[in-house]
Structure formats: C-alpha cells, structure tokens
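Heads up, the thing below is written out as structure tokens.
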Protein chains: 2
Amino acid sequence: MKPPHRTSITDLARALNLSPSTVSRALTGHPQVSETTKARVRELAEQLHFQPNQLAAALRRGRSTTIGVLVPYITGHFFPEVVNGIAIEASQQGYNVMICQSNEDVAQEKKNIELLMNAQVEGILVSLSSTTQDFAHFDAVRQAEVGLVFFDRIVEDMAGPRTSAVVLDDYAGAYQAVTHLIGQGCRRIAHIAGPLHLNIHRNRHQGYLDALRAHGLEPDEALINRQPLGLGTGAECMRQLLQLPAPPDAVFSSNDMAAVGAMQVLKAAGRRVPDDVAVVGFSNEAFTALTEPAISSVDQRCHQMGRTAVQQLLRLLRDETPPPVVLTPELLVRASSQRQA
Amino acid sequence: MKPPHRTSITDLARALNLSPSTVSRALTGHPQVSETTKARVRELAEQLHFQPNQLAAALRRGRSTTIGVLVPYITGHFFPEVVNGIAIEASQQGYNVMICQSNEDVAQEKKNIELLMNAQVEGILVSLSSTTQDFAHFDAVRQAEVGLVFFDRIVEDMAGPRTSAVVLDDYAGAYQAVTHLIGQGCRRIAHIAGPLHLNIHRNRHQGYLDALRAHGLEPDEALINRQPLGLGTGAECMRQLLQLPAPPDAVFSSNDMAAVGAMQVLKAAGRRVPDDVAVVGFSNEAFTALTEPAISSVDQRCHQMGRTAVQQLLRLLRDETPPPVVLTPELLVRASSQRQA
DNA sequence: TTGAAAGCGCTAACAA
DNA sequence: TTGTTAGCGCTTTCAA
C-alpha cells in the first residue's frame with residue numbers, strides 16, 4: 001500500500017526546479033517573485049490539485065486561523081442562530097470555526113476549553129454553562145495570549161486583558177415590551193419572570209418594573225412569578241393568575257415557551273387574546289409566529305450577536321481593548337398584543 | 001514584550017532532566033516508561049498547565065483527529081439536531097469537529113471542502129447543498145484518503161472507496177403515517193407532497209400511495225398537491241381541497257410548516273381537527289407540539305443520524321466498507337390525528 | 001529575484 | 001527504561 005501522498009510544496013518545487021521557499025512565496029503572492037515564476041507555480045499547483053497543509057503552516061507561523069466556539073448546546077433557536085452569525089463572519093474574515101458544546105456542565109466546559117487550546121485556536125467565543133461558578137479555567141486562556149469573548153451568558157465582572165463581551169440589552173427589551181402593552185391600554189400586567197438568579201431574567205424583570213413605574217403603574221407582587229420557565233410552568237402560572245380577585249389584563253413572559261403555556265390556558269378559559277388579556281414573550285422563537293394568535297416577542301439579534309462576537313475577537317487579536325458591546329433588541333408586535341384601534 | 005511562550009514538551013524535558021521522547025511517552029501513557037518517571041512528568045505538566053500542541057502532534061503523526069462537517073445551513077430544527085448528534089459522538093470518540101455551511105450554494109460547498117481538506121481533516125460529513133449537480137469536488141476528497149459520509153441529502157449513485165451514507169427511510173415514515181390515518185377511520189386522505197424532484201418528497205409520496213393501495217384505497221389525483229412546502233402554500237392548498245365536491249377527511253403533509261398552514265385554514269373554516277379532518281406532518285419540528293391541536297408528525301431521528309454518520313466515518317477510516325445506513329423514522333401521534341375511540 | 005538552512009513542537013524508529 | 005536522531009510541511013531569516 002503506497003503512502004497516501006498529498007502533493008506538497010516540496011513536490012511542486014522539485015517538479016519546477018525551484019526551491020520550496022520560492023514556491024511558497026509564489027503561492028502566497030509575495031511581491032518579490034517574478035510574474036513568470038508565479039504563473040508557472042500556480043499552474044502546476046492548480047493542475048495537481050495542490051492543497052497547502054494548514055497544520056504545517058499554522059505550526060510554523062504560530063497562527064492557526066481557527067477560532068473556537070463554546071456554547072451550552074447547539075440545538076433550539078438561539079444558539080444555532082448565533083453560531084450561524086459567527087460562522088459567516090469568521091469565514092468572511094478568513095477564519096475556521098471549531099465548535100464545542102458544554103451541555104450546561106462546567107466539567108465539560110473546562111474540558112472543551114482545554115481541547116480548543118490544544119487545537120491552538122487564536123481565540124474563543126464562549127457562552128457560559130449555567131452551572132459555571134468558578135472561572136479559573138478562563139485564566140489559562142488569557143495567559144496563553146488567546147482572545148476571549150463572552151456572549152449572551154457572560155462573566156459579569158470579568159474585565160481583563162484580551163477579553164471582551166457581547167450581550168443583549170435585556171432590560172431595554174423588557175422595557176419596550178411593557179411600554180407597548182401599556183400603550184395598548186393594559187394596566188394590570190403580569191410578569192412570568194423566571195428564576196432571578198440568572199442575569200438575563202433579573203435584567204428583564206428590572207425593565208418590567210421600571211417601565212411600569214415610568215407610566216405611573218405600581219408593580220403588584222401578586223402578578224409576578226419566578227418559577228423556572230417552561231410550557232407547563234407558564235400554564236400553571238396563568239391558572240393561578242386567573243384566580244386572583246383582580247386578574248391581569250396582560251402577561252409579559254421572560255421566554256416564549258412559558259408565553260405559549262399561558263396562552264393555551266387563557267384560550268381554554270375562554271379569555272380572548274389579546275382583547276381580554278394581551279401576551280408578549282421574549283426570544284422571538286420560530287414558533288411564536290405559528291401559534292394562534294401569533295405571539296409578540298422580543299427579538300434577540302442572534303445573528304448580529306454572532307457577527308459582533310467575531311469582530312470583537314479580531315479587535316482583541318489586534319491588541320485593541322474594545323469595550324463590551326450591548327445590542328439593542330427589537331420588539332416584534334404580533335396578534336397576541338395588538339388590540340384594535 | 002516577552003514571547004508568548006506556552007510550555008512545551010522540551011521545556012518539561014529540560015526541567016526534569018529527561019529527553020523529550022521520554023516526556024512524550026510518559027504523557028501518552030506509554031507502557032515502557034517507569035511509573036516514577038510518569039508521575040514526575042505528570043506532576044510538573046499539571047503544575048505548569050502544560051497543554052500539548054495538537055497541531056504539531058497532528059503534523060507529525062499525519063492524523064489530525066478532526067472531522068469536518070458541511071451542512072447547507074446550521075439554523076432551523078433538523079441540522080442543529082444532527083450536528084448535535086455528530087458533536088456528541090465525535091467527542092466521545094476523541095475527535096474534534098469543524099463545521100461549515102454552504103448556504104445551499106455549490107460554490108461555497110466547493111470552497112468549504114477545500115478548506116476542510118487544508119485543515120487536514122480525517123473525514124468529512126456532508127449534507128448536499130440543494131444546488132449541487134456536479135460532484136467532481138468530492139472526488140478530490142476520496143483521492144486524498146479522506147473519509148466521506150453523506151447524510152440526509154446524498155449523492156444517489158455515489159458508491160466509491162472510503163464513502164458511505166446515512167439516510168432516513170422516508171418511504172417508511174410516510175407509509176406509517178398514512179396507515180395510522182386509515183386506522184383512525186380516514187378514507188379520503190389528501191397529500192401535500194412538495195416538489196417531487198427532491199428524493200425525500202418522492203419517497204414520501206410513494207409511501208403515501210403504497211399505503212393507500214395496501215388498504216384498498218385508490219389514490220385520487222385531485223387530493224395531491226406538489227407546490228413547494230411552506231406555511232402559505234399549505235394554507236392555499238387546503239383552501240382548494242375544501243372546495244372539492246368530495247373534500248378530504250385527512251391531510252398528510254410532507255413537512256410540518258405546510259401542515260400548520262393547512263390546519264389554520266381548517267380551523268378558520270370551522271372544521272374540527274381531527275374529527276372532521278385529521279392532520280399529520282413530517283419532521284417533528286419543535287412547534288408541532290405547540291399548535292392547537294398539537295400536530296402528529298414523523299420524527300427524523302436527527303440525533304441518531306448524526307451519531308451514525310460519525311460511526312460510519314470511523315469505520316471507513318478503519319478501512320472497512322460499511323453499507324449505507326437507512327434509519328427508520330418514528331411516527332409521533334398527537335392530537336391532530338387522534339380521534340376518540 | 002531566488003536559494004540554503006533552520007526550526008515550529010511533536011513523535012517514532014533505532015540505539016544504548 | 002531512556003536517549004538520539006530525524007523529520008512531518010511549511011515559512012522565514014539571511015545570504016547570494
């Protein structure tokens with residue numbers, strides 16, 4: 001069995017009676033190489049389907065042109081969209097992308113960070129696993145002169161060399177959503193808030209509170225629920241709300257799944273959405289457009305977030321120190337919160 | 001500014017008064033190294049946070065332990081789920097994953113294949129772009145002794161060295177779905193089939209026809225629609241079906257989006273689902289569980305497909321010649337097709 | 001404008 | 001059990 005020989009620069013050099021260095025230079029378009037030589041080299045390379053060995057080049061240069069991405073998981077709506085943005089921007093900038101998932105597990109997160117470091121990536125884009133409390137594994141990254149950009153789920157107080165972040169302005173999104181509901185005439189707006197130890201939920205909750213107060217409405221603790229967010233809990237929560245002496249005339253949910261659950265209960269109870277109770281969710285999941293009525297939701301600019309994360313990383317690699325980027329979300333008004341004029 | 005020196009095997013060797021080879025062997029658990037030396041090496045490696053340079057190792061070994069994945073896009077439901085399966089299996093088998101998307105464009109597909117080859121991947125898992133007609137760019141892959149596994153969207157007649165495939169048995173999925181509808185008492189079953197030039201749609205269509213005939217029902221051309229599948233076309237198609245002299249008592253749609261469209265029209269027209277008209281979709285998209293009623297659908301075993309693709313690749317790399325794998329889909333019966341007993 | 005030589009960090013014969 | 005040596009394929013001084 002003959003060795004699986006892929007054509008190398010040395011091969012080209014031999015065939016053309018040139019030195020490897022010249023061939024290498026010709027291929028990378030070095031200005032000091034004569035046009036004729038360049039032409040000869042390129043022609044042969046083309047003809048033999050020559051593919052340069054990135055590994056060798058990277059080893060020699062000390063630059064891999066690869067960036068690592070570490071997300072809690074790659075399914076659902078949000079992360080695939082962000083990763084899509086990352087992939088597109090990275091490819092435009094001439095970088096490859098290596099993707100890992102932590103499955104919301106710190107141990108795997110740690111392992112994956114090592115893996116990416118071993119692969120000699122030039123930078124890492126991370127969205128933290130929900131179980132991450134200790135951040136020591138990221139120190140190693142920065143010591144190794146590898147860029148680090150957190151997105152969406154970030155380490156709050158992690159200013160540091162070669163580190164930046166991209167987040168969504170959850171506060172503004174919630175504020176927009178609630179302001180919109182008030183504009184539709186709603187006065188008792190419930191909030192399915194999610195567990196407040198997560199910063200995204202905390203910020204959305206604050207946006208909710210501030211929007212109410214800014215319009216002269218006093219938040220009512222009875223209208224606020226802090227259960228984990230899911231279809232079932234959204235439904236359960238709505239049932240409780242309907243039994244209040246003064247039930248709400250709107251619901252702002254911190255995620256879309258819970259909003260669906262709430263809406264199903266409303267419909268089953270014979271309440272009209274949006275006329276009796278208006279509903280707004282958060283994340284702009286694909287299914288929000290498919291329920292009946294379609295659910296208004298806050299779009300998280302996933303794609304933009306991915307692109308921005310890559311851009312931040314490239315700035316870090318140029319030794320700039322870009323401040324964290326905060327993206328402004330966009331409220332998409334659909335039937336669930338649009339009352340007749 | 002001091003050079004960004006990451007600890008190397010040579011460093012460890014110097015510090016321990018050993019040769020690099022011994023250190024290397026100790027690190028990889030070579031049996032011929034004394035336990036004491038191993039312990040010393042490991043301890044120092046730990047202490048200095050030593051991370052081996054994969055690039056160098058891969059170059060030397062001629063094996064990158066990286067596999068490439070090329071999909072039309074990484075958003076939506078199907079591909080992220082498959083990629084998830086790939087990532088998990090690959091990681092378990094000690095491989096890294098490099099992901100590219102073709103955006104349904106042959107040119108990008110070609111470019112990405114080259115990119116992956118340059119990165120010296122050991123194998124590539126591909127789902128074809130819908131515009132791919134010419135397959136020359138894949139010949140190069142196999143000539144380079146790189147494994148090639150097609151999944152979902154495959155090259156039909158591409159038997160070849162170091163090549164395999166994983167697909168879903170679309171025919172069986174459709175057959176199951178239609179048989180189920182017949183079992184629910186449906187007799188005039190419409191089919192939103194999608195354009196039949198795509199093999200997946202063709203196979204599902206055939207499954208539909210055969211299931212009908214197997215139960216003594218003659219297919220009615222008036223009940224079959226071949227428009228591209230979307231929310232709008234599903235709705236449009238349903239409107240037409242309702243105007244037939246003998247409208248259908250069930251709809252089997254080749255995808256879930258069109259099923260939602262059809263169901264919205266049914267509800268708007270005051271038909272009860274499933275009692276007047278039962279509905280079954282295909283793909284088990286997340287939103288099928290969220291509509292009202294929830295839509296029965298055929299699950300495509302995305303996760304399994306990803307894992308299997310990796311397994312097939314590893315077999316190819318062991319010089320086996322595994323036959324293509326055909327996965328059997330699973331019908332998930334939900335409210336949209338479940339009539340009272 | 002081109003070539004010679006060295007070396008990125010690692011591993012694997014072969015030797016001792 | 002450990003060390004010596006060579007080289008994976010590429011880039012990059014330095015010299016011609």
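Protein chains get the first letters and strands the later ones, always in sequence-line order, with residue 1 at the start of each.
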Exercise for review: May I ask you to decide whether B:K38 forms a salt bridge with B:E43, counting only side-chain N to carboxylate O separations under 4.0 Å?
Suggested key: no

Check your understanding: Is A:L18 touching bases, backbone alone, or none of the nucleic acid, heavy atoms closer than 4.0 Å?
Key -> sugar-phosphate

Point to revise | Main-chain N/O of A:V166 paired to A:D152 side chain as donor or acceptor, under 3.5 Å | key: no

Point to revise | CD1 on B:I86 to NE2 on B:H303, rounded to 0.5 Å | key: 10.0 Å

Review point. Is it true that atom CD of A:E46 has more than 12 heavy atoms of other residues, nucleotides or ligands lying nearer than 6.0 Å?
Key: no

Check your understanding: How long is the line joining CG of B:L55 and P of D:dT11, in whole Å?
Key -> 13 Å

Review point. Taking atom P of D:dT2 as reference, at what distance in whole Å does atom CG of B:L16 sit?
Key: 12 Å

Practice item. In whole angstrom, give the distance that lies between atom NE2 of B:H30 and atom P of D:dT1. Key: 10 Å

Review point. Rounded to the Å, how far apart are B:Q120 CD and D:dG9 P?
Key: 9 Å

Revision key, fill the gap. Taking for B:L59 and for B:S34 the nucleotide of DNA chain D with the nearest heavy atom, the one nearer the 5' end belongs to B:S34

Study note, to complete from the structure: Contacted region of DNA chain C by chain A, from 5' end to 3' end of the hits, cut-off under 4.0 Å to heavy atoms, spans C:dT1 to C:dG9

Exercise for review: Please answer whether the main-chain N or O of B:D105 pairs with a side-chain N or O of B:N103 as donor and acceptor at a distance below 3.5 Å.
Suggested key: no

Check your understanding: In whole Å, what is the span from the CG atom of A:L27 to the P atom of D:dT11?
Key -> 8 Å

Exercise for review: Look at atom NE2 of B:H49 and say whether more than 12 heavy atoms of other residues, nucleotides or ligands are closer to it than 6.0 Å.
Suggested key: no

Check your understanding: Once you round to the nearest 0.5 Å, how far does CG of A:L125 lie from CG of A:L116?
Key -> 10.0 Å

Please tabulate, one pair per line, each protein N/O and nucleotide N/O from nucleotides 12-16 of chain D that are separated by under 3.5 Å, including the distance.
residue : atom : partner : partner atom : Å
D:dT12  : O4'  : A:R60   : NH2          : 3.3

Practice item. Mind checking B:N118 for me? I need base, sugar-phosphate or nothing, with any heavy atom below 4.0 Å counting as a touch. Key: nothing

Check your understanding: Checking side chain to side chain donor-acceptor pair (under 3.5 Å) against A:S164, which of A:E320, A:R315, A:Q312, A:Q311 comes through?
Key -> A:Q312

Exercise for review: Rounded off to whole Å, could you give me the CD-to-P distance for the A:Q51 and D:dC10 pair?
Suggested key: 11 Å

Review point. Nearest heavy-atom pair of B:L128 and B:P72: which atoms, and what distance?
Key: O-CG, 3.6 Å

Revision key, fill the gap. Comparing nearest nucleotides in DNA chain C, the 5'-proximal residue of the pair B:I9, A:T37 is A:T37

